[in-house]
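Each chain gets a letter, A, B and so on, in the order its sequence line appears, and its residues count up from 1.
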There are 2 protein chains.
Amino acid sequence: MKKASERKRNTYHVGNLRVLLLSAAREMLEEVGPTKLSVRAVSDKVGVSCTAAYHHFANRTELVGCLAAKGFDELATVLAEQDRGTPKEEKIRTASLAYFSFARKNPALYQLMFGPEFSDSEMISELQSSRREAFGELKRIVAEYLDKDAQTAEVRGAALAGWSHTHGLASLVIHNVVRPPAEITDERFVDMSLEGFRSIFAG
Amino acid sequence: MKKASERKRNTYHVGNLRVLLLSAAREMLEEVGPTKLSVRAVSDKVGVSCTAAYHHFANRTELVGCLAAKGFDELATVLAEQDRGTPKEEKIRTASLAYFSFARKNPALYQLMFGPEFSDSEMISELQSSRREAFGELKRIVAEYLDKDAQTAEVRGAALAGWSHTHGLASLVIHNVVRPPAEITDERFVDMSLEGFRSIFAG
DNA sequence: GAAAGAATCTTTACAGTGATAAGTTTGGTG
DNA sequence: CACCAAACTTATCACTGTAAAGATTCTTTC
């Protein structure tokens with residue numbers, strides 16, 4: 001009596017549709033772009049009706065917000081990994097590089113994380129805490145670099161500055177506003193910009 | 001024999017629909033947000049059928065691209081104005097402040113200018129040249145600050161760094177990733193970040 | 001000044017989007 | 001086994017970008 005859909009669905013209730021949707025979404029994200037990721041397409045890919053998704057996520061924003069949250073977690077991890085064993089003086093450079101490299105490897109995800117999608121709505125506490133933790137990692141690194149306590153105003157300012165700079169650089173490149181010369185590696189490019197800042201403060 | 005629409009249209013052919021659409025779009029932009037600006041809503045506001053817009057713009061992207069281009073023009077103008085008469089040593093700070101202030105005053109426009117909308121498509125030469133000119137203005141300012149020729153690698157690097165930093169700061173704030181303390185002015189906030197950078201390079 | 005052609009605008013239509021409401025199937029629990 | 005709650009489906013709506021084809025007006029040419 002299965003007049004229902006023609007989809008092959010061995011398991012009717014998957015049980016963990018949520019994670020299936022999320023990983024399908026993550027897979028499609030880089031192909032499709034941050035704005036064009038649709039609930040329907042994701043559901044289709046999993047082999048489920050699109051309204052099924054609305055039983056696990058309040059709306060598209062929440063789905064995509066979880067993706068962004070995972071992005072921040074991943075970013076924090078990468079930063080921590082790359083920082084491990086780095087000598088003090090190199091910490092800022094290494095972190096900047098890891099950050100920039102992460103952004104270049106996952107442009108759509110990065111655009112999502114810092115895009116206009118969540119600027120108004122304060123919901124998705126998961127996203128907010130993941131963000132906070134990623135920034136925390138940054139502050140930790142800067143604190144060690146400066147040999148100061150992480151709660152210091154100086155550390156906070158320096159972390160803000162470093163984050164702004166690297167995020168700005170990544171954002172400009174990802175959005176094709178600035179195009180780094182083809183013959184130059186990401187590493188060189190980040191160094192160029194850091195050097196640029198140094199020369200601003202030299203005078 | 002006017003069985004046509006019920007809209008009041010004294011002048012059937014306006015002649016300059018293009019500019020009308022653009023200014024209507026600009027007006028709505030800040031209310032509606034960069035992603036939710038629709039061709040239909042804009043056309044409605046002008047009092048014209050939505051397909052009429054497609055006689056003046058190839059698609060939504062082009063419409064919104066012209067808006068962004070104008071944004072870059074405006075930004076370049078603001079930078080130039082604020083720079084005029086500023087003593088050499090203050091030029092970077094003044095430019096950063098003017099830039100940041102522009103972004104805060106026109107958040108939606110700013111998001112549009114640096115959003116994912118135009119990252120793939122290379123069209124809209126107007127946008128591209130406006131962008132280039134805005135960056136040119138930045139380079140000019142940095143060149144004067146450093147007392148070097150604008151074509152120098154050093155100037156280019158410093159301009160890139162300065163742009164990245166201020167753009168990053170503006171982007172983080174506009175997207176609510178970082179929330180500047182309420183009691184602090186924009187001016188103080190930018191200074192804080194610049195100070196932060198100085199302390200990074202002090203050691 | 002009239003007729004032809006170009007520009008401009010409208011109606012209609014389609015496919016894809018986020019989202020809701022109401023019904024159906026399933027797994028688990030008494 | 002019966003029932004209930006969770007998971008999923010089928011409509012359906014309002015809205016979006018965009019194309020096609022027809023209508024209206026402006027402009028140019030004779």
Kindly confirm or rule out a cation-pi arrangement of A/Lys70 over A/Phe72, judged by NZ or CZ under 6.0 Å from the six-membered ring centre and within 45° of its axis?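 Output no; distance or angle outside limits.
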What's the [atom1]-[atom2] distance between [X] and [N], to the nearest Å?
| X | N | atom1 | atom2 | answer |
| --- | --- | --- | --- | --- |
| A/Leu63 | C/dA19 | CG | P | 10 Å |
| A/Arg18 | D/dA6 | CZ | C1' | 15 Å |
| A/Asn59 | C/dT17 | CG | C1' | 14 Å |
| B/Asp44 | C/dC9 | CG | C1' | 14 Å |
| B/Asn16 | C/dA7 | CG | C1' | 14 Å |
| B/His56 | C/dT10 | NE2 | C1' | 13 Å |
| A/Leu17 | C/dG27 | CG | P | 14 Å |

Check DNA chain D against residues 28-39 of chain B and give the residues with a non-hydrogen atom under 4.0 Å, in numerical order.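 Close to the strand are B/Leu37, B/Ser38, B/Val39.
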For B/His167 and B/Tyr110, what are the C-alpha separation, side-chain angles and deciding distance, and is it a ring-ring contact (aromatic ring centres under 6.0 Å, His included)? CA-CA 10 Å; B/His167 165 63; B/Tyr110 192 83; 5.8 Å; yes
Residue [X], side-chain heavy atoms: nucleotide from [options] that is nearest:
| X | options | result |
| --- | --- | --- |
| A/Arg40 | C/dC9, D/dC8, C/dT17 | C/dT17 |
| A/Arg60 | C/dG18, D/dT18, D/dT9 | C/dG18 |
| B/Tyr54 | D/dG17, C/dC9, C/dG18 | D/dG17 |

Salt bridge check: are [X] and [Y] linked by an N-O gap of less than 4.0 Å?
| X | Y | answer |
| --- | --- | --- |
| A/Glu117 | A/Arg60 | yes |
| A/Glu144 | A/Lys88 | no |
| B/Glu195 | B/Arg93 | no |

Donor-acceptor pair (no angle test) under 3.5 Å: A/Thr51 side chain, C/dT20 base: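 By the distance-only test, no, there is no pair.
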Taking atom types as they are modelled, would you say the side chain of B/Ser49 forms a donor-acceptor pair with the base of C/dT11 within the 3.5 Å cutoff?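 Answer no: no donor N or O sits under 3.5 Å from an acceptor.
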Please list, chain by chain and in numerical order, all residues satisfying ring-ring contact (aromatic ring centres under 6.0 Å, His included) with B/Phe189, sequence neighbours excluded.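 Testing B/Phe189 for ring-ring contact (aromatic ring centres under 6.0 Å, His included), a comparison that skips the adjacent residues, returns none.
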Return whichever of A/His55 or B/Ala58 has its heavy-atom-nearest nucleotide of DNA chain D closer to the 5' end.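 Closer to the 5' end of DNA chain D: A/His55.
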For B/Lys36, give me all partners under side-chain hydrogen bond (donor to acceptor under 3.5 Å, both in side chains), at least two apart in sequence or on another chain.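 For B/Lys36, no residue satisfies side-chain hydrogen bond (donor to acceptor under 3.5 Å, both in side chains) once neighbours in sequence are set aside.
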